[in-house]
**Q** 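Here you go, one structure.
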Amino acid sequence: MTTVVSHNPADPDETVVTTAAAGAAATARAVDRARAAQAVWASGGAAARSTALGRAAAAIEDAAADLAALSVREVGKPLAEARAEAARTAAIWRYYAQFPYEPTGAVHESADGAGLLLTRRRPHGVAGLITPWNFPLAVPSWKAAPALAAGNAVVLKPAPQATACALLLAETLQRALPDGLFTVVPGGIEEGTALVGTADAVSFTGSTAVGATVVGAATARGIPVQAETGGLNAAIVLPDADIGRAAAHIATALAGYAGQKCTATGRVIAVGTALEPLRAALAEELGKLPVGDPADPATVCGPLISRAARDRVRGAAAGLPVVAAGTAPDAAGWYTAPVVVEAPDGHPLLREEVFGPVAALLPARDLEEAVRINNSVPYGLVTSVHTAGLDAVLHVLDRLDTGMIRVNAPSAGVDFHLPFGGAKASGHGPREQGRAALEFYTAGRTYTLAPAAGKAT
């Protein structure tokens, strides 16, 4: 039997959880149980679903301190950010608790005036969710809550490094939800493959390579699939920007949670005369950014998730000229200093996601070149633009080949009531979050209601 083990990134000798992997057969059985529960859930009416999701939000609020503390221990999330994620998770469930009352379709006029034409959206059945370790509470929730609101059941396969968080989240939600609606199957590739092979819809967040495999397998089965697969995000800084404020935003976006976010800043594009002031401001901001124990409320940049991740991040910037750098504590955890470097054309940093606190500083002669640099990578998740005026922003908004654009704000940030997703290699399928999520977790149907023969029209 395969065992799932997770360790504390700040204290690698500490084992957070050891549990048996579910296995393929048990994963398939979990989907079968969820499918039986889903039939009752979907037919129970809007009031029952709304009330249950509201109870789920309250249960998460009650358990928020424990959920945040476990996130610090298991995935090395800085305490302030872990607390914010727990609060946001409760807000996600409360937001989707209102959606069972939303219209599920429309009535249309028939061409000949006889009868009715109806459109209606119905749940798929069982939503299989495959989630990463970096947001162990929020990502499963922003997938599960809309799926359940629409009348589906959920089976969650979390990343092994976040197994304890997923189990505690499930335990918390199961106090509020009917039996069988939210199930966790611990494990890795075997369990993920089994879930994609048995669920009625699949939502994935993770690496580009694994996402492509998931999309291929789900598409071959003919089931709905969405995949969010990372980014190599740019911050564009124009000469008229508040350089100090822009540098502060960039520092937190590249080093917050050790850069382990798909929305983290990996490239800093300085336009024209912004280059030298920005270089100095970044050195100041990274130099004072708190790096260290994630249990310290002041910490912004904690450890990497594993030794291999730390070594990969250090190797990515090795030998490159350093523009700005923070410090790393002399401790047992998997720490590395956040850094901004200069990278030559063709360097992997300019094409590949590092998933760590490293960014490359790139000069651009003008805004046109900045747009070209931004669009030159395979990814297209989010771009931040820093400027004092709107003229330049309005000029380039639709030319930036990214799914999300944030003006005078860090690239790292999510508004859960708006669609979330990217272009190119950053994603596949419909957007997540907001009302867009309800579209993914339901299938449209068209009904034609014609009058019976002989009846008046």
**Q** Under a 3.5 Å distance rule, please check whether Gln226 uses its side chain to pair with a backbone N or O of Phe440 as donor and acceptor.
**A** no
**Q** Considering only heavy atoms from C-beta outward, does the side chain of Val139 approach that of Glu432 to under 4.5 Å?
**A** no
**Q** Say you draw a straight line from CG of Leu232 to CZ of Arg267; how long is it, rounded to the nearest 0.5 Å?
**A** 4.5 Å
**Q** Kindly indicate whether the side chain of Leu117, heavy atoms from C-beta on, has any atom under 4.5 Å from the side chain of Thr446.
**A** no
**Q** Is it true that Glu368 and Arg399 have a side-chain N and a carboxylate O under 4.0 angstrom from each other?
**A** yes
**Q** Evaluate the side chain to side chain contact (heavy atoms under 4.5 Å, CB included) criterion for residues Arg307 and Trp334: first the C-alpha distance (whole Å), next the side-chain angles of each, then the deciding distance (0.1 Å), finally the verdict.
**A** CA-CA 6 Å; Arg307 181 189 302 276; Trp334 293 311; 3.3 Å; yes
**Q** Please check: side-chain N/O of Ser50 versus main-chain N/O of Ala97, any donor-acceptor pairing under 3.5 Å?
**A** yes
**Q** Arg121: what forms a salt bridge (charged side-chain N to carboxylate O under 4.0 Å, His left out) with it, not counting sequence neighbours?
**A** Glu439
**Q** How long is the span from the OH atom in Tyr441 to the CG atom in Asn152, to the nearest 0.5 Å?
**A** 8.5 Å
**Q** List the steps and the verdict of side chain to side chain donor-acceptor pair (under 3.5 Å) for Ser141 and Thr89.
**A** CA-CA 6 Å; Ser141 292; Thr89 298; 4.6 Å; no
**Q** Is there a side-chain contact between Pro224 and His124 (heavy atoms, below 4.5 Å)?
**A** yes
**Q** For Ala114, does its backbone N or O pair with a side-chain atom of Ser110 as donor and acceptor, under 3.5 Å?
**A** yes
**Q** Look at atom CG of Leu449 and say whether more than 12 heavy atoms of other residues, nucleotides or ligands are closer to it than 6.0 Å.
**A** yes
**Q** When you check the side-chain N and O atoms of Asp240 and Thr387, is any donor under 3.5 Å from an acceptor?
**A** yes
**Q** For a 4.5 angstrom cut-off between non-hydrogen side-chain atoms, does Asn233 reach Ser384?
**A** no
**Q** Do Thr442 and Arg122 have side chains that approach each other closer than 4.5 Å (heavy atoms only, starting at C-beta)?
**A** no
**Q** Strictly distance-based, threshold 3.5 Å: is any side-chain N or O of Thr172 a donor or acceptor partner for the main-chain N or O of Ala59?
**A** no
**Q** CG of Leu156 to CG of Leu169: how many Å apart, nearest 0.5 Å?
**A** 7.5 Å
**Q** Go through the steps for Arg435 and Phe99 under the test side chain to side chain contact (heavy atoms under 4.5 Å, CB included), then give the verdict.
**A** CA-CA 9 Å; Arg435 301 184 65 87; Phe99 274 79; 3.7 Å; yes
**Q** Salt bridge check: are Asp32 and Arg35 linked by an N-O gap of less than 4.0 Å?
**A** yes
**Q** Quick check for you: to the nearest 0.5 Å, what is the distance between Ile236 atom CD1 and Leu367 atom CG?
**A** 6.5 Å
**Q** Mind checking the CG-CD1 spacing from Leu168 to Ile60? Nearest 0.5 Å is all I need.
**A** 10.0 Å
**Q** Between Leu400 and Val385, does the side chain to side chain contact (heavy atoms under 4.5 Å, CB included) criterion hold? Intermediate values first, please.
**A** CA-CA 10 Å; Leu400 295 171; Val385 181; 4.0 Å; yes
**Q** Rounded at 0.5 Å granularity, tell me how far NZ in Lys143 sits from CD in Gln433.
**A** 9.0 Å
**Q** Below 4.5 Å, heavy atoms only, C-beta onward: do Val237 and His249 meet side chain to side chain?
**A** no
**Q** Going by side-chain hydrogen bond (donor to acceptor under 3.5 Å, both in side chains), Asn374 matches just one of Thr402, Thr383, Asp401. Which one?
**A** Thr383
**Q** If you draw a 6.0 Å radius around CZ in Arg221, do more than 12 non-hydrogen atoms from other residues or ligands fall strictly inside?
**A** yes
**Q** Main chain of Gly434, side chain of Tyr96: is a donor-acceptor contact present, judged purely on distance under 3.5 Å?
**A** yes
**Q** Around atom CG of Asp391, are there more than 12 heavy atoms from other residues, nucleotides or ligands closer than 6.0 Å?
**A** no
**Q** When you compare the side chain of Phe204 with that of Val210, does any pair of heavy atoms fall below 4.5 Å?
**A** yes
**Q** Counting N and O atoms only, with roles assigned by atom type, does the side chain of Thr119 sit under 3.5 Å from a partner on the main chain of Ala106, one being a donor and the other an acceptor?
**A** yes
**Q** How are the rings of Trp142 and Phe135 set relative to one another: parallel (under 30°), tilted (30 to 60°) or perpendicular (over 60°)?
**A** tilted
**Q** Verify side chain to side chain contact (heavy atoms under 4.5 Å, CB included) between Trp41 and Leu148, making sure each step is shown before the conclusion.
**A** CA-CA 9 Å; Trp41 173 250; Leu148 290 166; 4.2 Å; yes
**Q** Are the aromatic ring centres of Phe355 and Trp133 under 6.0 angstrom apart?
**A** yes
**Q** Under a 4.5 Å cut-off applied to non-hydrogen side-chain atoms, are Thr229 and His428 in contact?
**A** no
**Q** Using atom types as modelled and distance alone, determine if a side-chain donor or acceptor of Gln161 lies under 3.5 Å from a backbone N or O of Thr163.
**A** no
**Q** Does any pair with a residue in residues 69-86 pass side chain to side chain donor-acceptor pair (under 3.5 Å), and if so which ones, sequence neighbours excluded?
**A** Ser6-Glu74, Glu14-Arg73, Lys77-Glu85, Glu81-Lys261
